[in-house]
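What follows is a short report on a single structure.
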Amino acid sequence: MDNKRKPKLSCYWKAILLILAGTAALNILSFFEGCCDFYAAHIFPVWINTYARFSGFFPFSLGEFMIVLGILLVLLAVISGILFIFLHRRAAYRKYAGIYYRIFAGVLTFVLLVMTLNCNLLYGCTPLSVNGNKDKEYTAAELEALRNYLVEACNGLSADMERTEDGAVIYEGDIQAEVKNAMWKLSGTYERLSGYYPDAKPVLGSVFMSQAYNSGVYFPFSMEANYNDLMYILNYPAVISHEFAHLKGYIYEDEANFLAYLACIGSDDAFIRYSGY
């Protein structure tokens, strides 16, 4: 009989496995709309008021640095795997590798859990279109009337904008404050839009966002609304309100666009309304 004891899992690995099991269970729940709706309405706001407040203390995009850190961790994992082929017999390397891969496993577990809490469960919510007239078909005449309405609204507001000599729009107000006011105003209809909003943050790598034709991004791992600070000033209100909608749990792009439009055109500020239209 073999009297050797089987190696026991450390408390660290037990915690990792427990969190992974919980994450898997939450992903199963994401297939049930009722569970996701309850989560978005009653639990997700807790993360906004805690985690999003914490990341909001940083004056820069914390998510942007998380991306860089994640790339470095993956590169180190690949390099460590290659070195293992040649150095696995050395005790010092095995000790380093053990520490590193424990850290890597912890970070990966964090990523999977946060992705589940801040994205996957929200994708399972009842779509806004289900609460409206999803199957209505619009005629060409109705679409033309909408087009004309939007053009007339833009033309009317355009005349009220302060501009430079070359025609560029100037705005000296507080865009962030006005957008937050617009979102709070809309919360009378969409209750999840109420409550705390951190400031949206510019991305240092905005040149790369411009190359990708990307104006904003909601980063779930830091719960931040980020924007491209190289875009034209009229894009700011619509983009920031779009990312704020994501921050409030409306994760689908068309829903965030819709809510951003409603928030902006409902603003008391003409510049914000112009951006929406």
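Residues: numbered from 1 along the sequence shown.
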Flag side-chain contact, heavy atom, 4.5 Å: Asn228 against Ser210: yes

Do Met115 and Phe221 come within less than 4.5 Å of each other through their side chains, counting heavy atoms only? yes

With a 6.0 Å cut-off (strictly less than), is the heavy-atom count around CZ of Phe32, excluding the residue itself, greater than 12? no

Would you compute the distance between atom NZ of Lys180 and atom CD1 of Ile175 and round it to the nearest 0.5 angstrom? 13.0 Å

Leu259 and Leu186: which non-hydrogen atoms are nearest, and at how many Å? O-CD2, 3.5 Å

Rounded at 0.5 Å granularity, tell me how far OG in Ser275 sits from OH in Tyr236. 11.5 Å

4.5 Å side-chain heavy-atom contact, Tyr197 and Lys248: yes

Separation of Leu234 CG from Tyr277 OH (nearest 0.5 Å): 14.5 Å

Between CG on residue Leu112 and CG on residue Leu26, distance to nearest 0.5 Å: 12.0 Å

Check whether Leu75 and Phe65 end up in the same hydrophobic cluster, where Ile, Leu, Val, Met, Phe, Trp and Tyr are linked by side-chain heavy atoms less than 4.5 Å apart. yes

Please say yes or no: joined through hydrophobic side-chain contacts below 4.5 Å, possibly via intermediate residues, are Tyr218 and Leu204 part of one cluster? yes

Would you say Glu64's side chain and Gly205's backbone share a donor-acceptor pair under 3.5 angstrom? yes

If you measure only the distance, is there a donor-acceptor pair under 3.5 Å linking the side chains of Glu224 and Ser55? no

Path from Val46 to Phe244 over hydrophobic side-chain contacts below 4.5 Å: yes

Can you hop from Met223 to Val111 via hydrophobic side chains spaced under 4.5 Å? yes

Flag for Asp166-Thr164: side-chain donor and acceptor within less than 3.5 Å: yes

According to a 4.5 Å side-chain heavy-atom criterion applied to Ile, Leu, Val, Met, Phe, Trp and Tyr, with indirect links allowed, do Tyr196 and Tyr51 form part of one hydrophobic cluster? yes

May I ask you to check whether Phe54 and Phe58 place their ring centres under 6.0 Å from each other? yes

How about CD on Glu191, more than 12 heavy atoms from neighbouring residues, nucleotides or ligands closer than 6.0 Å, or not? no

Measuring from atom CG of Asp229 to atom NZ of Lys201, what distance do you get when rounded to the nearest 0.5 angstrom? 14.0 Å

Is there a donor-acceptor pair under 3.5 Å between the side chain of Asn49 and the backbone N or O of Pro45? yes

Sidechain-backbone polar pair: Gln176 side chain, Ala200 backbone, donor-acceptor under 3.5 Å: yes

Nearest 0.5 Å, what's the CD1-OG distance between Ile67 and Ser61? 7.0 Å

Flag for Tyr274-Asp160: side-chain donor and acceptor within less than 3.5 Å: no

